[in-house]
Amino acid sequence: MPPPEPGAVTAPTFRRRLDLRRLGLRRPALLAAGALLTAGAVTAGVMIARDAGAGRDARPFAADGLRHTTVEIGTSGCGRGWTRATAGRQVFDLRNTSATAAEAYLVDARTGAVLGEVEGLGPGTTRPLQVTLGDGSYAFTCLPDDADAVTGPTVRITGGGKVRSGPAAVPVTQQELIPPTLAYQMWIQARTVELARRTDVLRAAVDRGDLAAARAAWLPAHLVYERMGAAYGTFGDADAEINGTTAGLSGGVRDPGFAGFHRVEHGLWHGESACSLRGPADRLAEAVHALRDSWPGRRMDPADVGLRAHEILENTVQFELTGRTDYGSGTNLATARANLDGTRALLGYLRPLLRTRATGLTGIDTWMNRARHTLDAFDHDGRWTPLSRLTRAQREKVDADLGELVERLADVAALTDVRRTA
């Protein structure tokens, strides 16, 4: 996985980008996060026809056909405005009455499960939150910046009949994410050992001038690194030294800053001599060995692991399926397959947390298998079909399968997002 380029999705921008993408979601949400990210799904400012019998702030005849209720968000009066509860699909227009930005959750008062949330609600502004509520007890939790969380009054819904509440999930805590993160770190440590071994084979082939053997050794070594994608944020500067691209380098492939697997790839597939490649191969091997030796002392942020489960394949679609990281070997599809393996490994460690929160794990597994089968069709005994040789139908299938999987994995990122509770 290359370092993010301008416009790439990174942790600080993920939630905003995810919200925008889901506005056009063409299928029902399969995981609990489908309800957690619907704050922007209803257009504000609709024409309202008031119903005098529905309560002071309830407006059941909006242009979108849904009941709207204005609810205050702030340190004083959290949840004020929601007094007459009604089952069914509806919209809460959340109005920030505090002097600072705030976020708000609608929670199941009995279990603490979150049914919907709004983040970054500016002072004096209003944003809609669309949910479906059945019989039960609910409350708004308001979290203004630089202030303690406040939970508003509990509102109970009865007589909802067959109406069932939309998906909800109990928030994941930092403590819950620590065990899978530590286990994944150990998995990465084993990969660094394998990476060093395979990179040494590549360097040795270059050193003895056997470029055919070097080309044969390049891909197996590179794919080990690509399976480690969820940890790249913890690699620091080592990522650019091991897997950097020419992005941002004024000299392109001749820039002294161009290093790592792709620098060696360019030389191996563009006729460079073994003598000219010894320096880049040595530099790569030194960076790999340094990563292996330093990894036991590094610590991944548990709050990032769920995001990485989505981000690995999102970057695959952005970089590998567009050919932006091909420097001559034509192995982007092999890299995509390695990224898929890396995603599967990380999901394995997160599965105990997701199993009790996600209703769509089976769907994710199905699409993981489908994407794997699609990519494996282009592996011919280690010789991978280059992107340029795919037919239009093949290209469309690869894009569709990976794109659908990325969309579903966005829910995993949302479910494992550590939410503020105090």
Side-chain angles (χ1 to χ4, degrees), residues 15-16 18-74 77-97 102-109 113-122 124-142 152-169 359-360 410-411 414:
R15 296 296 292 277
R16 176 178 58 82
L18 182 56
D19 285 348
L20 292 175
R21 177 170 53 249
R22 295 184 71 85
L23 297 188
L25 195 61
R26 55 181 169 76
R27 59 176 177 82
L30 297 179
L31 304 185
L36 303 184
L37 296 165
T38 54
V42 181
T43 303
V46 295
M47 296 297 293
I48 302 296
R50 293 184 179 273
D51 178 359
R56 181 169 59 89
D57 289 321
R59 306 186 296 270
F61 299 112
D64 56 17
L66 301 176
R67 175 182 294 274
H68 281 241
T69 304
T70 300
V71 177
E72 293 186 22
I73 301 300
C78 176
R80 183 182 299 160
W82 187 28
T83 56
R84 296 191 62 179
T86 304
R89 189 180 179 195
Q90 55 198 285
V91 176
F92 293 101
D93 295 311
L94 305 185
R95 183 174 64 214
N96 185 357
T97 58
E103 56 188 276
Y105 306 148
L106 176 60
V107 302
D108 184 313
V114 178
L115 291 97
E117 69 180 299
V118 167
E119 292 185 321
L121 185 60
T125 62
T126 301
R127 284 173 60 191
L129 173 66
Q130 180 180 304
V131 295
T132 300
L133 301 179
D135 286 354
S137 298
Y138 308 95
F140 279 97
T141 297
C142 306
T154 297
V155 176
R156 182 167 179 77
I157 294 178
T158 59
K162 296 182 179 180
V163 177
R164 299 181 60 183
S165 293
T359 60
D411 291 330

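All values below were derived from every heavy atom in this structure, side-chain atoms included, with hydrogens, water molecules and symmetry-related copies excluded.
With rounding to the nearest 0.5 angstrom, the CZ atom of Arg67 is 11.5 Å from the CG atom of Leu133. In this structure, CD in Glu103 is found 10.5 Å from CD1 in Ile73, a value given to the nearest 0.5 Å.
Minimum heavy-atom separation, Cys142 to Gly79: SG-N, 4.2 Å. Taking every heavy atom of both residues into account, Asp135 and Gly159 meet most closely at OD1-N, 3.3 Å. Here the closest non-hydrogen pair linking Pro153 and Cys78 is CD-O, 3.4 Å. Nearest heavy-atom pair, Gly88 versus Val163, reported as atom, atom and distance to 0.1 Å: N-CG1, 3.6 Å. Of all the heavy atoms in Arg156 and Ala85, the pair that sits closest is O-CB, 3.7 Å. Taking all atoms of both residues into account, the shortest heavy-atom contact from Ala113 to Ala168 is CB-CB, 3.9 Å.
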Check your understanding: Which is it for Leu115 and Asp108 under the side-chain contact (heavy atoms from CB on, under 4.5 Å) test, yes or no, and what are the steps along the way?
Key -> CA-CA 7 Å; Leu115 291 97; Asp108 184 313; 4.2 Å; yes

Exercise for review: List the steps and the verdict of side-chain hydrogen bond (donor to acceptor under 3.5 Å, both in side chains) for Arg95 and Thr70.
Suggested key: CA-CA 7 Å; Arg95 183 174 64 214; Thr70 300; 5.0 Å; no

Point to revise | Working for side-chain contact (heavy atoms from CB on, under 4.5 Å), residues Gln90 and Leu66 | key: CA-CA 5 Å; Gln90 55 198 285; Leu66 301 176; 5.6 Å; no

Point to revise | From CA spacing to verdict: side-chain contact (heavy atoms from CB on, under 4.5 Å), Leu106, Thr141 | key: CA-CA 6 Å; Leu106 176 60; Thr141 297; over 6 Å; no

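Defined by atom type and a distance below 3.5 Å, a donor-acceptor pair is missing between the side-chain atoms of Thr132 and Arg89.
Within the 3.5 Å criterion, the main-chain N or O of Gly134 finds a donor-acceptor partner in the side chain of Ser165. Under a 3.5 Å cut-off, the side chain of Asn96 and the backbone N or O of Leu121 do form a donor-acceptor pair. At least one donor-acceptor pair under 3.5 Å links the side chain of Arg127 to the backbone N or O of Glu119.
Ring planes of Phe92 and Phe140: perpendicular class, angle over 60° (limits at 30 and 60°).
The closest side-chain heavy-atom distance from Val155 to Thr83 is not below 4.5 Å. Contact check for Thr126 versus Leu94: no side-chain heavy atoms found under the 4.5 Å cut-off.
If you run side-chain contact (heavy atoms from CB on, under 4.5 Å) between Tyr138 and each of Val107, Thr154, Ile157, only Ile157 comes through.
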